[in-house]
Participant: 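Let me give you the structure first, and then I'll get to my questions.
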Amino acid sequence: MTALPILRRTLRDLSRSLAWWSLGLIGLAAMMIGVYPSVRESPGLEDLAQNYPEALQELFSFGGGFDYASPAGYMGVELFSLMVPLLLIIAAVATGAGAIAGEEDRGTMELLLANPVSRRRIVTEKALAMAAETAVLGAVLWVALSLGVAIIGMEISVWRVGAAVVAAVLLALGFGAIALLTGAVVGRRGAAVGITAALAVAAYLVNSLAGIVDALEPLRPLTPFFHYEDPDPLRHGLAPAHLAVLLAIAVVAAGAAAIAFDRRDTCR
Amino acid sequence: MDAVIDAVELTKRYRGGARGVTGLTLSVTPGEVFGFLGPNGAGKSTTIRMMLDLLRPTSGHVRVLGMDPRRDGVAVRARLGYVPGDLRLYERLTGRQLLRHMAGLRRMRDLGDGEALAARFDLDLDRPIRALSRGNRQKVGIVQAFMHRPDLLVLDEPTSGLDPLMQREFGRLVRETAAGGGTVFLSSHVLSEVQHLADRVALIREGRLELVSGVEELRSRARSRVEVTFADPPPPGAFDDLPGVVETGREGPRVLLRLEGDADALVKRLGGYTVRALDAHEADLEDVFLSRYEEPR
């Protein structure tokens, strides 16, 4: 029939969950932007925020630091420091882990592999489907945030918001590809989700706590979160070198997944 | 002609010591229906899954359609149809959507013989697979394996869940396929399922190939059961001197005998008695196999 049947089949299977995820992200954007006007008008909140313990500030800071008053600061703390990457990572990891290991768990891989398609092609098309899904979620989030910004007259460039969304999508793709890789190695979806989640939490904590625990500082560049938030895309836009690192994580992990799956026995 | 399947010393050992397959050598010729028999867990599916490159052999090798399933997997599977032993389908699709997906993966422009086969097996392609019975799911598995008219069909317990009527239809399909030049590798744990279809059968037990034999040859070696009802039963052991005859039991005037080979001597001996009824069951290969299963190793 037409090209990329596995990609199209996977996207069709994802369409319902994609709709729910989109609704969730739109709701999140509406809520966070909706309360901004009241935050802006109560300077006391800013003082309160500045009195947070340092550890909390580090956990929820995004880019340049913990600043609740400016539009970029507010959006960083409320959305891009945790919620947005968390949600996009969950979506990408669910899809990535399900790509190979999910079909093996359900037993449908046997049927898929009876067809004249190579295992590498299966991994490639599934990885592309995951990338497309995450990109769509990013686009939905960006449109929702941009509309909100325009409606309440928030003083931030929608292009800067877009830059942060792009960075978050690439970050999520990295972890999604790692889930794809672990699934391609172990063949069990639950294990792939668990291992990737543990990695993501560890990476997040290392990056966030490095500000107060000096010993962690040298490890920061090893975490994807550093390359996601350090260039502070909400204030400075995209930093190609950091984006390249995020993209490389996704591409290398997906490539390794193709090789790993190609080399082993399939599970039943 | 070159063998369609050629396994040489094919061995699969699983990690953790689970039994696989040891030193399996067999060859399937073009156009034949090859029955692959053995009890559950004997290694039938393991062997088949190596032919499809789902598993990689620990040692030895197998060539399918003259190619290496690992290196030329795509080319091999383009000419092959497969019904997995543990068939799992995409639950959310309808039968037709699943067949379309499979056809897309095979770069077919339509469903090939899919619609006709579904009609033949009385399968409703518009129902979602999750709503189908086990037998109907099995039909989907059969249709997707046959719809592109493959040169080789690898069928792992293909009739499980099918009712007798559909099993018969499936038998006709297998025979038509072979008559059309296709080769069929048919695995089963029940001999009766394949003895009327297969040209040759192989028996695998505990991961080892026990025998490969023509069905006719096996049948001629098989023993038949003869049940004679006498007016006046002869004393026990009256037939023990006849070659190939063993008395296996008695119920009043009925004497049960097992006959191997020629029946002539027995018939002539029976001529000396008043026989009220005579019942001979055709040689059942099941018995041959059962006696092999039961043999202590």
Side-chain angles (χ1 to χ4, degrees), chain A residues 1-20 95 98-126 128-129 184-189 191 258-268, chain B residues 12-15 20 45-46 48-58 69-93 97-111 129 137 140-141 144-145 148 150 153-156:
Chain A
M1 295 177 187
T2 40
L4 303 174
I6 303 166
L7 167 70
R8 292 178 330 128
R9 180 77 262 154
T10 310
L11 282 179
R12 220 172 278 175
D13 291 342
L14 286 170
S15 57
R16 196 172 304 172
S17 93
L18 197 60
W20 286 110
T95 304
I100 301 301
E103 291 231 26
E104 285 185 272
D105 274 347
R106 285 192 299 274
T108 49
M109 186 57 89
E110 190 116 347
L111 197 66
L112 183 54
L113 278 177
N115 289 288
V117 288
S118 70
R119 296 198 194 180
R120 286 174 192 223
R121 189 175 135 204
I122 292 172
V123 173
T124 306
E125 289 196 31
K126 295 253 182 192
L128 289 175
V185 171
V186 300
R188 293 283 169 249
R189 189 176 187 277
I259 294 167
F261 184 47
D262 204 29
R263 294 173 72 109
R264 72 164 163 86
D265 289 347
T266 56
C267 304
R268 271 214 291 196
Chain B
K12 179 69 188 179
R13 266 185 284 277
Y14 291 109
R15 260 175 290 172
S45 293
T46 299
I48 284 173
R49 297 177 87 237
M50 284 190 277
M51 295 175 189
L52 275 119
D53 191 40
L54 294 162
L55 299 177
R56 274 66 189 260
T58 310
R70 171 90 205 255
R71 243 196 24 243
D72 310 310
V74 172
V76 169
R77 294 189 303 257
R79 295 172 53 197
L80 184 150
Y82 175 46
V83 176
D86 183 16
L87 177 69
R88 303 288 181 81
L89 304 165
Y90 294 103
E91 296 285 314
R92 298 215 300 219
L93 304 187
Q97 285 171 329
L98 183 125
L99 294 185
R100 272 204 196 119
H101 184 43
M102 298 286 121
L105 292 168
R106 293 192 173 278
R107 300 183 186 283
M108 295 161 67
R109 254 178 273 112
D110 51 31
L111 295 186
I129 283 161
R137 283 162 196 251
V140 176
Q144 64 81 31
H148 54 288
L153 282 139
V154 177
L155 311 170
D156 195 355

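Every chain is numbered from 1, with letters handed out A, B, ... down the list of sequences.
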Participant: For Asp262(A), enumerate each residue passing the salt bridge (charged side-chain N to carboxylate O under 4.0 Å, His left out) test, keeping only those at least two apart in sequence or located in another chain.
Facilitator: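 By the salt bridge (charged side-chain N to carboxylate O under 4.0 Å, His left out) rule, Asp262(A) matches Arg120(A).
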Participant: Is the shortest side-chain N to carboxylate O distance from Glu104(A) to Arg88(B) below 4.0 Å?
Facilitator: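 Not counted as a salt bridge, because no side-chain N and carboxylate O are separated by less than 4.0 Å.
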Participant: Under 4.0 Å between a side-chain nitrogen and a carboxylate oxygen: does that hold for Glu110(A) and Arg49(B)?
Facilitator: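 Here Glu110(A) pairs with Arg49(B) in a salt bridge, since their nearest N and O are under 4.0 Å apart.
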Participant: Which one wins on heavy-atom pair count under 4.5 Å against chain B: Ile6(A), Asp13(A), Thr108(A)?
Facilitator: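 Most heavy-atom pairs within the cutoff with chain B belong to Thr108(A).
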Participant: Given that the side chain runs from C-beta out, which part of Glu91(B) has a heavy atom under 4.5 Å from chain A: side chain, backbone, both or neither?
Facilitator: neither
Participant: Please report the C-alpha distance between Thr266(A) and Phe261(A) in whole Å, then the side-chain angles of each, then the deciding distance to 0.1 Å, and finally whether the side chain to side chain contact (heavy atoms under 4.5 Å, CB included) criterion is met.
Facilitator: CA-CA 8 Å; Thr266(A) 56; Phe261(A) 184 47; 4.2 Å; yes
Participant: Among Arg119(A), Glu103(A), Arg263(A), single out the residue with the greatest number of heavy-atom pairs under 4.5 Å to chain B.
Facilitator: Arg119(A)
Participant: Using non-hydrogen atoms only, which part of Arg106(B) is less than 4.5 Å away from chain A: side chain, backbone, both, or neither?
Facilitator: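 Arg106(B) touches chain A through backbone and side-chain heavy atoms alike.
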Participant: Any salt bridge linking Asp105(A) with Arg188(A)? Criterion: basic side-chain nitrogen under 4.0 Å from a carboxylate oxygen.
Facilitator: yes
Participant: Under 4.5 Å from any heavy atom of chain B, what part of Arg121(A) do you find: side chain, backbone, both or neither?
Facilitator: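 Contact with chain B: side chain only.
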Participant: Counting only non-hydrogen atoms closer than 4.5 Å, does Arg70(B) touch chain A with its backbone (N, CA, C, O), its side chain (CB onward), both, or neither?
Facilitator: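 Side chain only.
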